[in-house]
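This report concerns only the one structure given below.
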Amino acid sequence: MLYAHNTKTDIVINDFNDFEIKYAFHDIDGTHSLIRDWPPVMSICLYDVIVNGLPDDFDSDENKKRLINLAGSQKLEETDKFCIESAGLSALTQMEWAIRRSVEEGNIKVECDKNLNSEIIKRIWQGEECFDNMGETNAIKDMLIEKTPRLFKLYEKVLNGFCRDKNLEIAKKNPEKFQIKGSMEFLKFLKKNGVENYFVTGAVVEKGMGMHQEVETLGYTIGDDGIAKDIIGSTWTEKLPKEIIMKNLLKKLGADGKNVLVIGDGRAEIFAGYEMGSLVISRLPKDATYQRELHKKLGSNIIIEDYLDKKLFDIFKR
């Protein structure tokens with residue numbers, strides 16, 4: 001167990017009382033790993049849906065190659081901003097937002113309550129993810145059930161072709177290139193001092209594939225003897241917000257949120273940690289001014305650029 005003490009340094013942005021830390025829930029992308037340069041990929045995928053709708057062959061190999069070539073080639077004001085705002089949300093929720101925006105623009109035709117659809121779009125932007133009981137038509141619900149997972153899989157294929165696969169190959173030889181500085185040392189420090197580490201992600205987790213493969217390629221071993229006890233994520237078809245993943249894990253561990261450290265770079269895990277009453281750390285670049293202000297409002301206690309900051313270790317006492 002580690003004790004966390006409010007040292008009143010400049011990395012503390014919201015004061016906190018002392019914590020006894022037994023568990024740590026870690027986001028992966030942008031928090032520990034840089035393998036996935038996902039924002040430009042998601043931005044073009046979402047933009048393309050909003051503008052062009054979802055023709056029958058939207059997830060074809062030809063369209064995948066087109067989107068790979070377009071990724072990062074232009075500024076896309078709305079979707080670029082959405083990617084910043086929605087970091088940490090389930091990828092299925094992010095896909096759903098684009099499909100709903102296309103419905104709103106009239107580029108996808110479906111029977112629905114347009115006012116309700118627009119309300120849900122706003123709620124997603126504000127960080128909400130579950131809308132099962134809002135009285136939508138079966139037509140739009142059935143359409144989302146079919147199209148959202150297909151769009152999610154297309155996005156992953158575009159991401160693989162744009163950066164993930166080549167970065168993974170480089171990481172096999174030079175894992176430190178894609179680790180946030182000091183990440184491995186901090187994870188080992190927590191484990192050495194009796195804290196159980198868990199990875200939580202909005203990506204799909206399949207052993208030996210995808211995010212699971214990336215984590216282990218970077219040297220973050222998983223299992224009872226590993227740096228992290230487990231990695232828990234989403235599926236291709238079932239929307240699992242990080243809030244639910246984290247609260248389910250808390251329940252499974254029989255733990256109190258006050259004994260948990262939450263570390264991430266997205267609004268979902270930060271706000272979930274705040275709601276659980278946990279100690280919350282945001283890992284954000286120094287130039288991420290907007291995100292830093294947002295995380296402060298969401299209830300993060302500490303903001304760091306990387307894990308080399310001595311002031312971070314000074315907060316934790318054995």
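Reckoned from all heavy atoms, side chains included, excluding hydrogens, waters and symmetry mates. Along the sequence shown, residues carry numbers from 1. Everything quoted here is computed from the prediction, not taken from an experiment.
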| Heavy-atom closest pair, residues Asn63 and Leu154 | ND2-CD2, 4.1 Å
Distance-only donor-acceptor pairs under 3.5 Å for side chains of residues 304-314, two or more places apart:
residue, atom, partner, partner atom, Å
Asp306, OD1, Leu308, N, 2.9
Tyr307, OH, Thr31, O, 2.8
Asp309, OD1, Lys311, N, 2.9
Asp309, OD1, Lys311, NZ, 3.3
Lys310, NZ, Asp314, OD1, 3.3
Lys310, NZ, Asp314, OD2, 3.2

| task | Kindly say whether Gly257 contributes a backbone atom to a donor-acceptor pair with the side chain of Ser278 at under 3.5 angstrom? | result | yes
| message | Can you tell me if Lys252 has over 12 outside heavy atoms packed within less than 6.0 Å of its NZ? | response | no
| Distance-only donor-acceptor check, side chains Asp80 and Ser43, under 3.5 Å | yes
| Can you list the steps and then say if Ile140 with Met143 is a side-chain contact (heavy atoms from CB on, under 4.5 Å)? | CA-CA 5 Å; Ile140 193 168; Met143 185 268 291; 4.1 Å; yes
| So does Arg164 pair up with Glu156, basic N to acidic O under 4.0 Å? | no
| message | A side-chain contact here means heavy atoms from C-beta on lying under 4.5 Å apart; do Asn167 and Leu34 qualify? | response | no
| Gln74 atom CD: more than 12 heavy-atom contacts under 6.0 Å | yes
| query | Salt bridge between Arg123 and Glu119, side-chain N to carboxylate O under 4.0 Å? | reply | yes
| query | Between Asn259 and Lys22, is there a donor-acceptor pair closer than 3.5 Å when you use the side chain of the first and the backbone of the second? | reply | no
| Does Gln94 use its side chain to pair, donor to acceptor, with the backbone of Ser86 at less than 3.5 Å? | yes
| request: Give a yes or no on whether Asp225 atom CG has more than 12 heavy-atom contacts from other residues, nucleotides or ligands under 6.0 Å away. | output: no
| query | With side chains defined as the heavy atoms from C-beta onward, is the minimum distance between Phe16 and Ile302 less than 4.5 Å? | reply | yes
| Hey, is the main chain of Gly226 close enough, under 3.5 Å, to the side chain of Lys229 for a donor-acceptor pair? | no
| said: Holding to salt bridge (charged side-chain N to carboxylate O under 4.0 Å, His left out), I want the full list of residues that pass it with Glu78, two or more places apart in sequence or in another chain. | reply: Arg101
| query | With the 4.5 Å side-chain cut-off for hydrophobic clustering, are Val41 and Val51 part of the same group? | reply | yes
| task | Would you check, one step at a time, whether the test side-chain contact (heavy atoms from CB on, under 4.5 Å) holds for Leu54 with Ser102? | result | CA-CA 9 Å; Leu54 291 172; Ser102 191; over 6 Å; no
| task | Determine yes or no for a side-chain-to-main-chain donor-acceptor pair under 3.5 angstrom, with Thr217 supplying the side chain and Ala171 the backbone. | result | no
| message | Can you pull out every ring-ring contact (aromatic ring centres under 6.0 Å, His included) where at least one residue sits in residues 232-266? Sequence neighbours excluded, please. | response | Phe152-Trp236
| With a 4.5 Å heavy-atom cut-off, do Asn248 and Ile232 have their side chains touching? | no
| Same apolar cluster (I L V M F W Y, side chains within < 4.5 Å links), Leu89/Leu284 | no
| query | Do Phe131 and Leu144 touch side chain to side chain, with heavy atoms closer than 4.5 Å? | reply | no
| Does any donor atom in the side chain of Glu129 or Thr93 lie under 3.5 Å from an acceptor atom in the other side chain? | yes
| field | Pairs involving residues 263-279, ordered by first then second residue, that meet salt bridge (charged side-chain N to carboxylate O under 4.0 Å, His left out) (sequence neighbours left out) | value | Glu85-Arg267, Lys242-Glu269, Lys247-Glu275
| said: I'd like to know whether Ile315 forms a side-chain contact (heavy atoms from CB on, under 4.5 Å) with Ile11, so could you lay out the CA-CA distance, the side-chain angles of the two residues, the decisive distance to 0.1 Å, and finally the verdict. | reply: CA-CA 10 Å; Ile315 286 170; Ile11 65 172; 3.8 Å; yes
Donor-acceptor contacts under 3.5 Å from residues 179-190 side chains, at least two apart:
residue, atom, partner, partner atom, Å
Gln179, NE2, Leu218, O, 2.8
Ser183, OG, His32, ND1, 2.6
Ser183, OG, Tyr220, OH, 2.8

| Partner of Ile13 under side-chain contact (heavy atoms from CB on, under 4.5 Å), chosen from Glu293, Arg292, Lys296 | Lys296
| message | Keeping Asn193 on the side-chain end and Met1 on the backbone end, is there a donor-acceptor pair under 3.5 Å? | response | no
| message | Within the structure provided, determine whether Leu151 and Phe58 are in side-chain contact (heavy-atom separation under 4.5 Å). | response | yes
| message | Would you say that Tyr274 contacts Leu298 through its side chain, given a criterion of any heavy-atom pair below 4.5 Å between the two side chains? | response | no
| Quick one: are Ile121 and Glu104 in side-chain contact, heavy atoms under 4.5 Å? | yes
| request: Only pairs at least two apart or in different chains count here, so list each salt bridge (charged side-chain N to carboxylate O under 4.0 Å, His left out) that has a residue in residues 48-57. | output: Asp48-Arg66
| query | With side chains defined as the heavy atoms from C-beta onward, is the minimum distance between Met211 and Phe199 less than 4.5 Å? | reply | no
| task | Give the intermediate values and the outcome of side-chain contact (heavy atoms from CB on, under 4.5 Å) for residues Ile35 and Leu168. | result | CA-CA 7 Å; Ile35 285 179; Leu168 187 66; 4.1 Å; yes
